[in-house]
Amino acid sequence: MTAYGNFPGSRPRRLRTTPAMRRMVAETRLDPANLILPAFVREGIDAPVAVSAMPGVYQHTVDTLRKAAVEAVTAGVSGIMLFGVPEDAKKDNRGTVGTDPDGILQVALRAVREEVGDDLVIMSDLCLDEFTDHGHCGVLTADGRVDNDATLERYAEMAQVQADAGAHVVGPSGMMDGQVGVVRDALDQTGHEDVSILAYTAKYTSAFYGPFREAVGSSLTGDRKTYQQDPANARESLRELALDLEEGADMVMVKPAGPYLDILAKVAESVHVPVAAYQISGEYAMIEAAAEKGWIDRDKAILESLTGIRRAGAQMILTYWATEVAQWLGGPGRS
């Protein structure tokens, strides 16, 4: 007994006593339906190619991509975001293969749509960086700057061919001013009124993109600081958000996720449309590398990182662990 009578009268630890109790009172829950799998499909290979900086992630063939899509459906994952990796010889300064109906991304979209139909929300990255020989997200001027308005014309073409190929959702990710409005007009004018836009609303220039550039075979020289957001800025993301919503975004996204949970929370508190966050390649690689060293518990770290993103306000999380985590969540509850 203490000299303080009933002190402490309030004991929050009572709600932490057992796994069943903790599950019952949990404020944030992860569900397979929250998860979207980013996937890479590479032209000119006959077997999957491992991404060295992202253990467990591969550049797929079209056939193995089909299998990955089926696995995602079976696990309960909601969506798949496709990125195309063309042969280097097909890249040019305008990213022509990105709007070729027979380009690798469009081939992959048709294959996945044929395989899983509407059982998986099929999303396509709408950007030029994978397809240009300079690796930037748009068309360059003579002095090497990204030409915003010329790039928008290319995005309009991409929207049409991706929708024609079977995308349920297009994700304009280049951070060009006006991109959502131009893409919406292009879709509506070509009979694709039902195709949704997931706007990359707050996409920051980040050191954590490094492994992704291996995954897409990036040809980038220089950086993207003139069009991606400055990591120092927060209010700017809300300005981008207002513009994207005005232009017709159906869903909005923050990228990267982990280093920008404050931005994610601000966005989630400000809108009444679905909010996504992209747990990017560097976030994935750090956990995998630390776990490989034996420094952290891999599975617990993965779940904690995803729960933090969900708690900050993301209804949808793009993560390379989507299928694996969905399989976990389909089993006995964890605490």
Side-chain angles (χ1 to χ4, degrees), residues 27-28 34-36 38 78-79 81 123 125-129 136-138 145-149 151-152 155-156 159 169-188 195-209 212 223-283 305-319:
E27 299 173 24
T28 303
N34 300 131
L35 305 177
I36 298 167
S78 282
M81 173 68 80
M123 305 177 170
D125 179 57
L126 199 163
C127 195
L128 291 171
D129 58 325
H136 279 285
C137 297
R145 294 179 298 106
V146 175
D147 186 324
N148 192 92
D149 295 359
T151 299
L152 294 181
Y155 286 4
V169 178
V170 296
S173 61
M175 291 300 288
M176 298 296 119
D177 294 338
Q179 63 184 13
V180 172
V182 165
V183 167
R184 183 73 270 159
D185 285 346
L187 292 170
D188 291 350
V195 173
S196 301
I197 296 176
L198 170 58
Y200 283 62
T201 290
K203 183 178 180 181
Y204 284 87
T205 182
S206 173
F208 294 100
Y209 293 135
F212 177 88
D223 58 51
R224 298 180 173 133
K225 292 181 180 179
T226 62
Y227 46 101
Q228 293 179 352
Q229 285 182 244
D230 186 337
N233 293 349
R235 289 192 300 272
E236 182 181 38
S237 65
L238 298 181
R239 183 183 182 194
E240 294 278 5
L241 174 64
L243 291 168
D244 283 351
L245 293 174
E246 182 181 344
E247 292 172 23
D250 299 289
M251 300 169 277
V252 296
M253 183 157 68
V254 174
K255 180 180 180 180
Y260 297 92
L261 294 181
D262 60 324
I263 306 301
L264 176 57
K266 288 177 184 292
V267 168
E269 290 169 0
S270 302
V271 300
H272 298 288
V273 299
V275 176
Y278 197 145
Q279 185 181 54
I280 67 170
S281 60
E283 298 175 73
S305 69
L306 292 171
T307 300
I309 296 166
R310 182 85 176 90
R311 188 183 64 243
Q315 295 164 258
M316 304 168 292
I317 305 172
L318 284 80
T319 176

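- Once rounded to the nearest 0.5 Å, the distance linking CD1 of Ile263 with CG of Leu241 reads 11.0 Å.
- The two residues Tyr260 and Pro231 have their closest heavy-atom pair at OH-CB, 3.2 Å.
- With sequence neighbours excluded, no residue forms a salt bridge (charged side-chain N to carboxylate O under 4.0 Å, His left out) with Arg311.
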What donor-acceptor contacts under 3.5 angstrom involve side-chain atoms of residues 266-278, with partners at least two apart or in another chain?
| residue | atom | partner | partner atom | Å |
| --- | --- | --- | --- | --- |
| Ser270 | OG | Lys266 | O | 2.6 |
| Tyr278 | OH | Tyr320 | OH | 2.8 |

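- Here the shortest heavy-atom pairing between Met81 and Asp125 reads SD-N, 3.5 Å.
- Asn34 contributes a side-chain N or O that, together with a main-chain N or O of Gln315, makes up a donor-acceptor pair within less than 3.5 Å.
- With values rounded to the nearest 0.5 angstrom, Ser237 atom OG is found 10.0 Å from Leu264 atom CG.
- The CE atom of Met176 lies 7.0 Å from the SG atom of Cys127; values are rounded to the nearest 0.5 Å.
- Distance alone, capped at 3.5 Å, places no donor-acceptor pair between the Glu240 side chain and the Glu236 backbone.
- When every heavy atom of Leu128 is checked against every heavy atom of Thr151, the shortest pair comes out as CD1-CG2, 4.4 Å.
- Rounding to the nearest 0.5 Å places CE of Met175 at 11.0 Å from NZ of Lys255.
- Listed by chain and residue number, Val180, Leu243 satisfy the side-chain contact (heavy atoms from CB on, under 4.5 Å) test with Glu247 (two or more places apart in sequence, or in another chain).
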Atom pairs and distances, donor-acceptor, side-chain atoms in residues 196-209, under 3.5 Å, two or more places apart:
| residue | atom | partner | partner atom | Å |
| --- | --- | --- | --- | --- |
| Thr201 | OG1 | Asp244 | OD2 | 2.7 |
| Lys203 | NZ | Ser173 | O | 3.0 |
| Tyr204 | OH | Asn233 | O | 2.7 |
| Ser206 | OG | Phe208 | N | 2.9 |
| Tyr209 | OH | Tyr204 | O | 2.6 |

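- Looking at every heavy atom in both residues, Ala249 comes nearest to Val252 through CB-CG1, 4.3 Å.
- For Ser305 and Glu283, the side-chain atoms include no donor-acceptor pair closer than 3.5 Å.
- For the atom pair CD (Gln279) and CG (Leu306), the distance works out to 4.5 Å, reported to the nearest 0.5 Å.
- Considering only residues two or more places apart in sequence or on other chains, Asp188 meets the salt bridge (charged side-chain N to carboxylate O under 4.0 Å, His left out) condition with Arg184.
- Annotation: salt bridge (charged side-chain N to carboxylate O under 4.0 Å, His left out) contacts of Asp177 (sequence neighbours excluded): none.
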